[in-house]
Amino acid sequence: MFIATATAATVTAGAPTSAGARIGTPEPAVAQAGQTTPAWGECPPAAPDGPPRDPRQRCATLRVPLDYRAPHGRSIEIAISRIGTARPGSRRGILLSNPGGPGGSGLDLPSQLATVLPREVLDRYDLIGFDPRGVGHSTPVTCGLDLMRQFTLMLPYPAPDGGIERNLAFARDTAAACAEHSGDLLPFVTTANTARDMDRIRAALGEPKLSYFGLSYGTYLGAVYISMFPGRGDRIVLDSAVDPGLVWRDTWRTWNQAVATRLPDLLAFAAERDAVYHLGTTPDEVRRTYDRLTSALDRQPLPNPGGPVLDGNALREITRVGLYFDGFFPVMAEFWQEIAVAVSGSTVDTAVLRRLDRLLSVGGVIGGSGTGTAEIPADNHVAALYAVVCDDVAWPRSVALYARQVAADRRAWPATAGMPSNLWPCAAWPTRPVEPPVTVTGHGPRNVLILQNTRDSVTPLVGARGLRAALGRRAVMITVDQGGHGVVGLGSCADEAMNSFLATGALPGRDRFCPAPSPADAAARSTPLPYIPSAGPL
């Protein structure tokens, strides 16, 4: 974890006994130093295999209650970061942000946003990031998992014959391991408690309100925050939305239709370039090639010494991740081409295995090689993901229910092979939620902008419509006619609307539909920003 040092001071605020309780007094050590707000210093070192930290970012640590029902009990650390406005005279307040996950680190999100937002927005806000509780340099959780060897079980792909016995064994073993390694922390790593932490950050920074940018899972977190603290949200942007009525298992089940809707974009890309990839001259031909490859790997996986076996489910999951952004399509088509050569031959080219490792570092549940640091366990983002989705809401315990739904989905949605309806460790989780899910409502000011793509394979349009309905008059939604996960930064009219809203507070008068950006505008970004790999499935 990120321990407070001379360059990253710790601030402690008293814990509320309810959503609206006031902030208490700092810890004596901080009070003696005369510090009532975070003392910003150097950020913790970046991951060895990651980009260097933005030198403009400063970091600090906030202490919050582990259990807000016991505000004077055990506390944990929340790592926060900031890039201050270059024009303090134009400053409106803070723009807090979350990159998704659950389990995604947001400490570097200010520097990501600083590359996307125009000057008129950057002048108005201090950009604030944080590692949510349980994540990264905040007090981290772990389940002791071997991510590379178990990666097609993290998201629960059934066996090639549709059996879920190994998923059941993994769920039981993983739930027990999570309890063994982090059992005292896990029940309290929830969306509601993270929202309470956000309000502690707001208070510690001396702000009466916060503005917010949330991506993917971060849309649900933002919706929960403004429902718990309806008077403390200023300007709220939610990009690629989660339906609060579907958390969490029913959210995963929307992936069946979402992947089926998005996959044709990749098939068409490869077909249009058959002279390069040799996968088929039409989308249907490319789809038959892909199905042939997954079936072949189901029958005979390719060995990968020291790494995950490249079987049909590995190819399905890598392909699912490849649908996140159009910028991944060339890599995916090349990988399919290499797999086709390997399947037809007697040996596996080492280039295929190297590309497999690179693809595993792109995103999805694995988000990298699984190499941790002294402060952050290797499986931290997966453990935090499990904690949130298993503790936000109780999951069904009936194995027969999962088996029936997996079998039905495999027939109806072959591209996802039954994974979205399969059981997670949540089905064997050792504890029950400490509180019911927060009800997301339309009570509060009209200050929410929802941004959504039509063909998002991760948070599909149906989810955004559910959030839009839940927020009612509070929100306006802009839908963009494009594929991929993430709207901001690709040059559509949604960017202009968001920037105007954050700079001036002006929301569109009604919901809008945008055409896809021109190829030139879209080509300016290979992926929308902010995007941080290893942020979990959402």
Side-chain angles (χ1 to χ4, degrees), residues 95 97-100 112-113 116-118 120-121 124-125 211-223 225-226 233-246 254 258 261-262 265 324-326 440 442 444-522 524-525 527-531 538:
L95 180 64
S97 54
N98 178 272
Q112 297 263 338
L113 285 171
V116 174
L117 298 174
E120 60 266 27
V121 175
R124 302 286 276 163
Y125 299 97
S211 292
Y212 178 79
F213 175 86
L215 174 66
S216 198
Y217 162 74
T219 66
Y220 178 62
L221 175 60
Y225 178 83
I226 63 173
D234 187 13
R235 297 169 183 174
I236 310 298
V237 178
L238 307 178
D239 181 344
S240 304
V242 172
D243 184 345
L246 298 181
T254 66
T261 300
R262 172 63 166 158
D265 291 346
Y324 275 48
F325 311 114
D326 288 358
V440 173
R446 185 176 182 272
N447 64 346
V448 182
L449 179 62
I450 302 171
L451 309 176
Q452 181 65 37
N453 289 333
T454 54
R455 301 185 309 284
D456 188 327
S457 61
V458 189
T459 53
L461 181 58
V462 65
R465 287 172 173 164
L467 179 59
R468 174 70 181 86
L471 291 175
R473 59 165 298 278
R474 292 202 69 175
V476 170
M477 187 164 88
I478 297 179
T479 304
V480 184
D481 186 19
Q482 65 184 0
H485 185 50
V487 178
V488 170
L490 284 179
S492 75
C493 74
D495 285 348
E496 180 182 353
M498 181 192 74
N499 295 335
S500 176
F501 172 52
L502 289 176
T504 70
L507 272 176
R510 55 187 173 83
D511 292 355
R512 294 174 55 189
F513 185 85
C514 288
S518 69
D521 289 336
R525 306 263 186 213
T527 64
L529 292 174
Y531 171 65
L538 290 179

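Starting from 1, each residue takes its place in the sequence as its number. Remember, it's a predicted structure, so these values are computed and weren't measured experimentally.
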Go through V476 and R446 one step at a time and tell me if the side-chain contact (heavy atoms from CB on, under 4.5 Å) criterion holds.
CA-CA 8 Å; V476 170; R446 185 176 182 272; 2.9 Å; yes
Show your reasoning for whether side-chain contact (heavy atoms from CB on, under 4.5 Å) applies to M498 and L117.
CA-CA 9 Å; M498 181 192 74; L117 298 174; 3.6 Å; yes
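Contact of the R474 side chain with the I226 side chain is registered, since non-hydrogen atoms from C-beta on lie closer than 4.5 Å. L95 is listed as a side-chain neighbour of S211, based on a closest heavy-atom distance under 4.5 Å.
Taking the side-chain hydrogen bond (donor to acceptor under 3.5 Å, both in side chains) definition, one finds that D511 meets it with R468, sequence neighbours left out.
For the atom pair CG of L461 and CE of M477, the computed distance is 5.5 Å after rounding to the nearest 0.5 Å. With values rounded to the nearest 0.5 angstrom, T261 atom OG1 is found 13.0 Å from N453 atom CG. Here the straight-line distance linking atom CD1 of I450 with atom OG of S240 works out to 11.0 Å at 0.5 Å rounding. To the nearest 0.5 Å, atom CZ of residue R455 and atom CG of residue D265 are 4.0 Å apart. Distance OG1/T459 to CG/L246: 12.0 Å, rounded to 0.5 Å. Going from atom CG of N98 over to atom OH of Y217 covers 7.0 Å, rounded to the nearest 0.5 Å.
The closest donor-acceptor contact from the side chain of T504 to the backbone of F501 lies at 3.5 Å or more, if one exists at all. Under the 3.5 Å distance criterion, the side-chain polar atoms of Y212 are left unmatched by any main-chain donor or acceptor of L221. With hydrogens and angles disregarded, a donor-acceptor distance shorter than 3.5 Å links the side chain of Q452 to the backbone of A241. Checked by atom type and distance alone, the side chain of N447 pairs as donor or acceptor with a backbone atom of G233 at under 3.5 Å. A donor-acceptor pair under 3.5 Å links the side-chain atoms of T454 to the main chain of Q482, judged by distance alone.
The shortest heavy-atom contact between L215 and G486 is CD1-CA, 4.1 Å. Here the shortest heavy-atom pairing between L238 and I236 reads CD2-CG2, 3.8 Å. Of all non-hydrogen atoms in S216 and V242, the two that sit nearest each other are O-CG2, 3.7 Å. The minimum heavy-atom distance between L502 and Y125, with the atom names listed, is O-OH, 2.6 Å. The two residues V440 and P244 have their closest heavy-atom pair at CG2-CB, 3.7 Å. Nearest heavy atom pair, residue V488 against residue F213, reads CG2-CE1, 3.6 Å.
Salt bridge D243/R465: absent, no basic N to carboxylate O contact under 4.0 Å.
Residue-environment remark: CD (E120) exceeds the threshold of 12 foreign heavy atoms within 6.0 Å.
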